[in-house]
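Notes follow the structure.
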Number of protein chains: 2
Amino acid sequence: MKSRKADVPEAQKRNTIPFYRKMAGLLKSEIFSESYPVGALLPTEQELCDRFSASRYTVREALRLLEKDGMVKRLQGRGTEVISKSERTVFAQSLTSLSQLYDYAAETHLVVERVMRIVSDETLANDLGRLPGREWILVEGMRTTTLGDIICISHIFVHQDFAKLRDEIKANKGAIHRLIEERFDVRVVEVHQEISSVSLEKSMARILEQVEGADGILVTRRYLADDDVPILVSFNWHRLAGFRYSQVIRRE
Amino acid sequence: MKSRKADVPEAQKRNTIPFYRKMAGLLKSEIFSESYPVGALLPTEQELCDRFSASRYTVREALRLLEKDGMVKRLQGRGTEVISKSERTVFAQSLTSLSQLYDYAAETHLVVERVMRIVSDETLANDLGRLPGREWILVEGMRTTTLGDIICISHIFVHQDFAKLRDEIKANKGAIHRLIEERFDVRVVEVHQEISSVSLEKSMARILEQVEGADGILVTRRYLADDDVPILVSFNWHRLAGFRYSQVIRRE
DNA sequence: AATCAAAATTTGTACGGACAAATGTACCAG
DNA sequence: CTGGTACATTTGTCCGTACAAATTTTGATT
């Protein structure tokens, strides 16, 4: 283990941990301690080069880390602005399994019963999070295991813009919002998910083999585009007994 | 708008869009079309330099983009492996509210009833996802609104390593796993969350003002460090009536 | 004082070189 | 055949330089 380089300044000892990481750590702590308060500009890259006796490459690598952690925003011609005291916790939703007794049956099928076109009234518009009077495609069906056991009843509202997919939806195995993203030039930017207990109305109860008014679980998911416009909204009614929703959230 | 540089090769025209981005785009499409199948290694950086007549800097910037989008994994000494045909969709869990009737009461309190030290037997070890015989701190209490209305009963198991926090936990208002991350040098890398229906046992039912055996909701969260070691595991029992869990997941 | 243009500042892109660290392979010794 | 060492390969870190592009500042002109 000899010195890493002939012309490495003293500030950069040979700790195995790269200098730009140390530098980023130091800058983070200085931001945290408000030496550089939120809203202020960090020193310029050149000034940081001087301060740390490092090359611009190294400084930029450090700043890149700060940016990745959501602590600074860099703007060409302006500088590096501090936007947060602490690291953003980025979680990547890596796995979402929704099952009900059927842990292993990862493969599920959407069995489409009916597809119809409807115009939203006030009540429905409220549920869908949008104005009344809009047209939607309503897909009614149920999600089952590959064995045919019912997991939940699904009502899926697809925005009128994607009406062309009407027939494709029936054949589609996977998630409908994926289909939309592939066929159209839209991106789902936000998903609002809600899990709540409900009392099952007669028709639902019958399909789920429950008595009318029995408790059940309603899982609602709203898929929104970047302008907050709902692309797809799904309602999924589950039996209470055996309901289990599990999810793994992983930090990047 | 004159030529961007004297020695810029022909492959890099002057399109305002930087060359490393174009290069990344091209490589992505080649991965998608299986010119480079999943599992295979991409050409080495040097080979890409030759192919695109670009410097290693530019090639590495392009590869960095592919890596960010989760399409390749780079490994020192090995190469750049293709791990996915399509871009990863990164969702950042930006907001998680867990409420029960109390939508506006974002502020909640953890009222600690008891703190004790326990050794896990097989059953408990199984629940906690770890080996039996380990020592844990068990914090028993309930989460309430600021008005004092009970939201849920909480049993929180904290790993023995963080036993020092025993007293701090009582005073602590926010999330305990935050406290641990701040005080110790650990990072929560994964959270396993599970929501399931349960039958409330007598003591739970009494506190939640339910009859014994009534249905309830159990929300379990396991906070894991990067070595899959559980740092904290919490069990939260809710009344069924009025239960509502909502979450917003935002794509980066 | 207001407006527009030029200049200065600052980050972005891109080139080149060099050595370090990690991985995989080939070879040798037992 | 097994185990370990030496070597080649490949990505990681770091230096230097130069010009481009975006923003802000300055200054001149109206």
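The analysis underlying the following values was restricted to heavy atoms, covering all of them including side chains, and did not include hydrogens, waters or symmetry mates.
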Nucleic acid contacts of residues 34-45 of chain A, taken as heavy-atom distances under 4.0 Å to DNA chain D: none
Taking for each residue the nucleotide of DNA chain D bearing the nearest heavy atom, is the 5' side occupied by B:Thr80 or by A:Val59? B:Thr80
B:Lys22 NZ to C:dA14 C1', straight-line distance once rounded to whole Å: 13 Å
What's the CZ-P distance between B:Arg60 and C:dT13, to the nearest Å? 16 Å
Do NZ/NE/NH1/NH2 and the carboxylate oxygens of B:Glu61 and B:Arg64 come within less than 4.0 Å? yes
Is the shortest heavy-atom distance from the side chain of A:Val72 to the side chain of A:Leu27 under 4.5 Å? no
Show the nearest heavy-atom pair for residues B:Asn236 and B:Ser154, with the distance to one decimal. OD1-OG, 2.6 Å
Atom OH of B:Tyr57 and atom P of D:dC14: how far apart are they, to the nearest Å? 16 Å
Proximal nucleotide (of C:dA14, C:dT13, D:dC14) relative to the B:Ser55 side chain: C:dA14
Tightest non-hydrogen contact, residues B:Ala62 and B:Tyr20, listed as CB-O, 3.4 Å
Distance check needed: C:dC15 C1' versus B:Met23 CE, whole Å only. 14 Å
How many whole angstroms separate atom NZ of A:Lys73 from atom P of D:dT23? 11 Å
Looking at C:dG12, does its base get a donor-acceptor pair with the side chain of A:Arg56 below 3.5 Å? yes
Gap between atoms CZ and P, on A:Arg64 and D:dT13 respectively (whole Å): 11 Å
Donor-acceptor pair under 3.5 Å, B:Arg21 side chain vs C:dG12 base: no
Cut-off 3.5 Å, side chains only: do A:Glu194 and A:His192 have a donor facing an acceptor? no
Does A:Val186 form a side-chain contact (heavy atoms from CB on, under 4.5 Å) with A:Asp161? I'd like the steps, not just the answer. CA-CA 11 Å; A:Val186 291; A:Asp161 293 352; over 6 Å; no
B:Tyr20 side-chain N/O to C:dT13 phosphate OP1/OP2 under 4.0 Å: yes
Do any side-chain nitrogens or oxygens of A:Arg74 fall under 4.0 Å of OP1 or OP2 in C:dG12? yes
Does atom NZ of B:Lys85 have more than 12 heavy-atom neighbours from other groups under 6.0 Å away? yes
Each nucleotide of nucleotides 22-27 of chain C classed B (base within 4.0 Å of a protein heavy atom), S (only sugar-phosphate) or -, in 5' to 3' order, makes BBS---
Take a 6.0 Å sphere around CZ of B:Arg117 and say whether it holds more than 12 heavy atoms from other residues, nucleotides or ligands. no
Quick one: is C:dT13 close enough that its OP1 or OP2 comes under 4.0 Å of any side-chain N or O from B:Thr58? no
Take the protein atom CD of A:Glu61 and the nucleotide atom P of D:dC14, then report the distance between them rounded to whole Å. 9 Å
How far apart are the closest heavy atoms of B:Ala54 and B:Val59, and which atoms are they? CB-CG2, 4.5 Å
Using the side-chain heavy atoms of B:Pro18, tell me which of these nucleotides is nearest: C:dT11, D:dT11, C:dT13. C:dT13
To the nearest Å, give me how far apart CG (B:Leu63) and P (C:dT13) are. 16 Å
Distance, nearest 0.5 Å, that separates CZ of B:Arg221 from CD1 of B:Ile156: 9.5 Å
